[in-house]
Amino acid sequence: MVEREKVTQEYVRFSGAGLELEGILHLPAGEGPFPAVAVCHPHPLYGGDMHNNVVLAICHALAEASIAALRFNFRGVGQSEGDFANGIGEQEDVVSALAFLSSVNKVNPNKIGLAGYSFGTQVALPVAPQREQVKAMALVSPFLSAWDWEQLKSYVRPKLFLCGDKDHYVSYQEIQRLVSGLPETSRCEVIPGADHFWWGCEGEVAEKVSTFFRNAFTVMKESSAGP
């Protein structure tokens with residue numbers, strides 16, 4: 001496992017949908033190419049950005065697990081161009097982030113994942129089934145509509161749903177029930193004592209997300225090796 005002090009963080013800007021967005025790229029030590037994950041932040045109208053505690057913890061854990069990570073600001077947040085677009089235009093930002101991440105020299109474009117937290121799950125989910133490059137998805141404190149859950153029934157790639165049992169915005173019991181109706185590549189984990197904001201539980205949620213992606217990418221490698 002890569003030591004934290006050997007992980008590099010690079011400020012980046014990338015274009016897409018006529019806008020320029022900003023982000024921070026976390027790269028493990030070594031030559032690569034590394035698997036990589038784009039991480040979507042919570043609601044910008046309630047203070048969410050790429051410096052969020054959960055987003056930051058996930059990116060650190062991924063890089064320490066030898067997985068590159070990109071956290072980025074949606075349009076209208078920080079130094080990203082544009083204005084808030086009700087979660088619709090932000091889906092284009094996710095597409096742009098995935099395209100940028102796939103173009104990074106040290107990234108393996110065939111092993112790309114997508115993660116979202118809270119509002120970030122609403123934006124990430126519609127994109128994943130439409131992008132062949134997304135091989136696995138992690139949704140933390142998922143805010144999903146009935147239509148989202150219907151869409152997930154036919155999406156068979158690995159999916160992790162993470163909830164806290166003290167979350168007053170997302171019912172972990174309801175998430176467990178809905179995940180039970182999804183393909184067996186989906187699983188839900190509930191972290192005791194965690195609320196929607198994950199204060200004090202960042203390390204645990206980050207470890208679970210990084211382990212999920214590490215396992216998903218490892219299975220891909222074994223599958224491609226053949227008998």
Side-chain angles (χ1 to χ4, degrees), residues 1-16 21-42 49-74 78-80 93-117 120-121 124 127-128 131-140 157-160 162 189 191 198 201-225:
M1 182 170 288
V2 180
E3 297 176 5
R4 175 166 294 189
E5 59 267 28
K6 293 184 179 179
V7 171
T8 63
Q9 296 184 46
E10 177 185 353
Y11 179 82
V12 296
R13 298 191 68 84
F14 55 92
S15 299
L21 307 177
E22 67 171 350
I24 302 290
L25 179 64
H26 296 244
L27 283 173
E31 295 301 316
F34 302 105
V37 177
V39 184
C40 303
H41 68 70
D49 63 17
M50 68 179 177
H51 305 295
N52 171 265
N53 61 314
V54 175
V55 171
L56 185 59
I58 288 172
C59 289
H60 278 310
L62 287 167
E64 290 173 358
S66 294
I67 300 171
L70 173 68
R71 53 188 169 105
F72 62 98
N73 275 333
F74 289 127
Q79 298 302 310
S80 287
D93 300 342
V94 176
V95 173
S96 300
L98 291 169
F100 168 76
L101 194 54
S102 298
S103 73
V104 174
N105 186 47
K106 287 188 175 184
V107 165
N108 182 344
N110 298 313
K111 291 189 175 184
I112 300 292
L114 184 58
Y117 164 42
T121 65
V127 174
R131 312 302 296 186
E132 175 64 24
Q133 69 198 119
V134 177
K135 307 303 184 186
M137 178 170 59
L139 303 177
V140 180
R157 290 191 168 170
K159 297 172 291 297
L160 171 67
L162 270 179
E189 293 199 30
I191 297 181
W198 298 94
C201 299
E202 294 93 341
E204 189 170 1
V205 69
E207 189 277 330
K208 287 185 179 295
V209 170
S210 65
T211 297
F212 163 74
F213 281 113
R214 185 171 64 244
N215 291 341
F217 293 137
T218 298
V219 169
M220 284 179 58
K221 180 178 180 181
E222 292 172 349
S223 298
S224 64

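Just so you know, these numbers come straight off a predicted model, no measurement behind them.
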Stepwise, does the side-chain contact (heavy atoms from CB on, under 4.5 Å) test hold for K111 with K135?
-> CA-CA 6 Å; K111 291 189 175 184; K135 307 303 184 186; 5.5 Å; no

After noting the C-alpha distance and the side-chain angles of W198 and Y117, does the key distance pass the side-chain contact (heavy atoms from CB on, under 4.5 Å) rule?
-> CA-CA 11 Å; W198 298 94; Y117 164 42; 3.7 Å; yes

Evaluate the criterion side-chain contact (heavy atoms from CB on, under 4.5 Å) for residue pair E189 and E204; output intermediate values, then yes/no.
-> CA-CA 11 Å; E189 293 199 30; E204 189 170 1; over 6 Å; no

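Here the shortest heavy-atom pairing between A69 and L62 reads CB-CD1, 3.9 Å. The shortest heavy-atom contact between L160 and V209 is CD2-CA, 4.2 Å. Here the closest non-hydrogen pair linking A38 and L101 is N-CD2, 3.6 Å. Annotation for P35 and F217: closest pair CB-CD1, 3.4 Å, computed over non-hydrogen atoms. Taking each heavy atom of A65 and S210 in turn, the nearest pair found is CB-CB, 4.4 Å. Among all heavy-atom pairs drawn from K6 and A29, the shortest one is O-CB, 3.7 Å.
Considering SG of C59 and CD1 of I24, their distance stands at 9.5 Å, rounded to 0.5 Å. Rounded to the nearest 0.5 Å, atoms CZ (F72) and CG (L25) are 12.5 Å apart. The CZ atom of F213 sits 10.5 Å away from the CD1 atom of I112 when rounded to the nearest 0.5 Å. For the atom pair CG (L27) and CG (L70), the distance works out to 9.5 Å, reported to the nearest 0.5 Å. Interatomic distance, N110 CG to Q133 CD, rounded to the nearest 0.5 Å: 10.0 Å. Distance check: N52 CG to I58 CD1 gives 8.5 Å after rounding to the nearest 0.5 Å.
Checked by atom type and distance alone, the side chain of S80 pairs as donor or acceptor with a backbone atom of E22 at under 3.5 Å. In terms of modelled atom types and a separation under 3.5 Å, the side chain of K106 and the main chain of V104 share no donor-acceptor contact. Under the 3.5 Å distance criterion, the side-chain polar atoms of R13 are matched with a main-chain donor or acceptor of Q79. Between the side chain of R131 and the backbone N or O of A99, no donor-acceptor pair lies under 3.5 Å. Here the side chain of H41 pairs no donor or acceptor atom with the backbone of N73 at under 3.5 angstrom. Judged purely by atom type and a 3.5 angstrom limit, T211 has no side-chain atom pairing as donor or acceptor with the backbone of K208. Not a single donor-acceptor pair under 3.5 Å links the side chain of N108 to the backbone N or O of P33.
Counting only heavy atoms from C-beta outward, the side chains of C201 and V54 never approach each other to under 4.5 Å.
Salt bridge absent: E64 and R214 never bring a charged side-chain N and a carboxylate O closer than 4.0 Å.
With V134 as the fixed residue, the side-chain contact (heavy atoms from CB on, under 4.5 Å) test singles out one of V37, V94, L98: L98.
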